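On a predicted model such as this, the values are computed, not experimentally measured, just so you know.
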There are 2 protein chains.
Amino acid sequence: MTGATTSGELRSHNLARLLRAAHDEAGRATRSELTRGLGLARGTAAVLVAELTEARLAEERPAPQRARGRPTAILGPHPGGPLTLAVDLREDAWTIATAEIGGALTVREERPHPGNPPETVLSGLATAIGRHLTDLGPRVVGVGVALPGPVRDGRVVDIPHLSWRDVPAAEILRAGAAPVTLGNDATLAGLAEARRGALRGVAVGLHFHVDFDLGGTLLVDGSPLHGARGTTGEFGHMPLGGSDLPCDCGAVGCWSLQVGANALLRAMGVPVEPARGRDDALRILAGAAAGDARHGAALDEVARAFGAGTAALVNALDPQRVTLSGLGVRLREQAADAFATAYEAGLMAFRRDDPPPVLPAALGGDATLVGAAELAFDAFLTPEGLTAWQAAR
Amino acid sequence: MTGATTSGELRSHNLARLLRAAHDEAGRATRSELTRGLGLARGTAAVLVAELTEARLAEERPAPQRARGRPTAILGPHPGGPLTLAVDLREDAWTIATAEIGGALTVREERPHPGNPPETVLSGLATAIGRHLTDLGPRVVGVGVALPGPVRDGRVVDIPHLSWRDVPAAEILRAGAAPVTLGNDATLAGLAEARRGALRGVAVGLHFHVDFDLGGTLLVDGSPLHGARGTTGEFGHMPLGGSDLPCDCGAVGCWSLQVGANALLRAMGVPVEPARGRDDALRILAGAAAGDARHGAALDEVARAFGAGTAALVNALDPQRVTLSGLGVRLREQAADAFATAYEAGLMAFRRDDPPPVLPAALGGDATLVGAAELAFDAFLTPEGLTAWQAAR
DNA sequence: TCCATTATGTTCTCGGCGAGAGCAAATTGG
DNA sequence: CCAATTTGCTCTCGCCGAGAACATAATGGA
């Protein structure tokens, strides 16, 4: 959506702008607010709303009156309007949900899976997606899938602890007419924060998701930085801590060896088995919270590494705000002093007078699904997407 | 320039698109190429070209005939057209040049300066800028200034080895009607590469400039990532090397302590004095080139740190290409093996099959001036900028 | 040398779009 | 109950780019 060039494109661009704005406002904005916000004439807005309604893209419903004057209406989703399928594939289970314009989610199915081999897991998921697509019919305009590893050109590049390697996920998940878009789970969690969470309206935001690994994304004007091939955000694989441990990723001394579930075990001197330590990590956190000194020391060590690395990335990328999800929230909350001290010490002096705040993500466990839905809507809420929808009926 | 919304805005947006395209093509593109490239109708292009000519924004001149058919013309700068002033303030001297549409530079003045106090240096520069502005008259539409340190909200935040600290440079340099825009020199060198150098057409590029310090910028779609307050690109101030030396910036273990002029001295065991070692560093490079083993070892050490850190940032940011300027070019060329080995070892395994190439910058010493000129033109080559120009005559 | 071919510039008409004005409608609050 | 207020609706107007038809200016082969 680079902007209209011809007078004929104006209409479709403005249509997309209006529907996008209604979507971004989560179906809470009134027509008059949207009109003002987009700088449209009232007459133009009337035409656009009529066209959206006619095309079953959106619908007006009465708004609670707030002040004097003729009442206006809220522009929200149409009961027969477009849906996206949001899919969250985790290491041991997946969830399928629908999202409507405005972003409201409805979970439709949730199932455990064996984890391996990837082809089995993905084709099982593909079957389920196909079933929902059939149920929902042509209302589904796209499928967004969150995957727990880096995604490049539609392929899952590498999930060491599941031993997935270069899996052609997009191909296996291809689903009828609806386009399937893949994204990394940490990236999509960040995207969700940027659209509907703690990074809303932030020009440059940095999001970290901590689990076994540490992933994240840089959000510029509400969208994740995509990189050359879609694998930006592997902040965990920079040698930020001066360690010399070899990492599953193939490099050495990666930051994510010092921050995350396994890092907690390592700090406790407990042997680390691939993808098995999440419960142990939570026990360490619980122990630290209960006052156990050894647990507390391990937690502090990890929190220090987390704070120091965060500072490094803040130095380099100058975000306005940093958000955390996954284990990162508790790491930082339970060892607030250790984190804050390391964070401040790692900042360049000139950043210390007004450092970017580090905040927990506002969206809870749904973040990844929300992000997956946004990913799919991003491809639809364009002049081309809406024109295709209108042409199809 | 977010795109036209009303039919009245179409004209000015297309005018700006056309002039921007002519500028980006360095005054080499013909009208027919531009028309095709922008997807304009021939009739529309005729009107736009007439308007550009009429407004003295651009001018057509005959193009060498290449094939059969009616000849077309090259759309290039107008002899009375807009100019920007490009200023490069270095640690010991400054340069003032003009740039016209298409980017051609003409150096107008070059002078050494004492370095301190900053107010004296800057007001001397301001006087010179004012003189050139008076000479050139209203053709100058903006002034872009490159500064050798981080810039935030128009202030030079911190240049430790010059002991500049929070200097209100924009205020001191304010120059009549022409807007003054400041930028970091490494950022602007990267911008120049993105527009007219080795990062041309690259969706995501990473540029490093190495001198005493290591700075850089991430270029997304031809523009530097700006960050929340304009201080992105301080990649040198991440602890990528596991050192525990304190850095002038206030943090510890910064990468730029291991890569740059001072790092070479340090690797040789030579005492480091602030801002004094550039010649010594060049001597070390020359010695290494001549085959001296101790010099070679120091160079290798620095090149390894450079390669490893580059890999870390490639992991995190997924650029399509990496470019180097300043000392970085020789560091990498003279110790190509050390760099390459460390670079590859630092990459995540899945990036090794097709790692982003690391290339020397294509623009030589002019890069910073070119970038400063682009910075100023970016503010002008917009619908608003052109409308103001047209209104002023 | 000449003319068919080719590519591009020029001009004009046409359809479409948003701005904006004027009016209608619907609510509030004194 | 009515003035004030805000918004929706409708219609006209000016402007813009598309596209067609035509004009123009070069090439290159016969």
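Put simply, CD on A:E51 is 11 Å from C1' on C:dC17, counting in whole angstrom units. The CD-P distance, from B:E33 to C:dA7, rounds to 14 Å in whole Å. The nearest whole Å value for the distance from the NE2 atom in A:H13 to the P atom in C:dG16 is 19 Å. The distance between atom CD of B:E9 and atom C1' of D:dC15, rounded to the nearest whole Å, is 13 Å. Taking atom CZ of B:R11 as the reference point, atom C1' of D:dC16 lies 6 Å away to the nearest angstrom. Rounded to whole angstrom, the span from the CG atom of A:L38 across to the P atom of C:dG18 amounts to 12 Å. In this entry the distance linking CG of A:L18 with C1' of C:dG18 reads 14 Å, nearest Å. One interatomic measurement links the two molecules: CG of A:L75 to C1' of D:dT7, which rounds to 15 Å at whole-angstrom precision.
B:T44 and B:R11 share no donor-acceptor pair across their side chains, judged by distance under 3.5 Å alone. Remark: the B:T217 side chain and the B:H207 side chain contain no N/O donor-acceptor pair separated by less than 3.5 Å.
Annotation for B:T35 and B:A41: closest pair CG2-O, 4.1 Å, computed over non-hydrogen atoms.
OP1 or OP2 of C:dG9 lies within a sub-4.0 Å distance of a side-chain N or O belonging to B:R31. The shortest distance between the side-chain N/O atoms of B:N14 and the OP1/OP2 oxygens of D:dG17 is below 4.0 Å.
With D:dC9, D:dA18, C:dG9 as the candidates, the nucleotide lying closest to the side chain of B:A41 is D:dA18. Proximity note for A:R36 (side chain, C-beta onward) versus D:dT7, D:dG17, D:dT10: the nearest is D:dT7. If you check C:dG18, C:dG9, D:dG17 against the side chain of B:T72, the one that comes closest is C:dG9.
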Requested in this report: Verify side chain to side chain contact (heavy atoms under 4.5 Å, CB included) between A:L85 and A:L136, making sure each step is shown before the conclusion.
Outcome: CA-CA 10 Å; A:L85 226 52; A:L136 295 162; 3.8 Å; yes
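The side chain to side chain contact (heavy atoms under 4.5 Å, CB included) search around A:S7 returns B:L10, not counting sequence neighbours.
Below 30°, between 30° and 60°, or above 60°: for B:H23 and B:F377 the angle between ring planes is between 30° and 60°, a tilted geometry.
The nearest heavy atom of DNA chain C to B:R42 and to A:T44 marks one nucleotide each, and the one closer to the 5' end goes with B:R42.
Counted within 6.0 Å of CZ on B:R174, heavy atoms from surrounding residues, nucleotides or ligands total 12 or fewer; the atom is thus considered open.
Contacts of B:S7 with the nucleic acid, taken as non-hydrogen atoms under 4.0 Å apart, include base atoms. At the heavy-atom level, B:T5 lies under 4.0 Å from the strands shown only through sugar-phosphate atoms.
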Can you give me the N/O atom pairs linking the protein to nucleotides 27-30 of chain C at distances under 3.5 Å, or say none if there are none?
| residue | atom | partner | partner atom | Å |
| --- | --- | --- | --- | --- |
| C:dT27 | O2 | A:G69 | N | 3.4 |
| C:dT28 | O2 | A:R68 | NE | 3.1 |
| C:dG29 | O4' | A:R68 | NH2 | 3.1 |

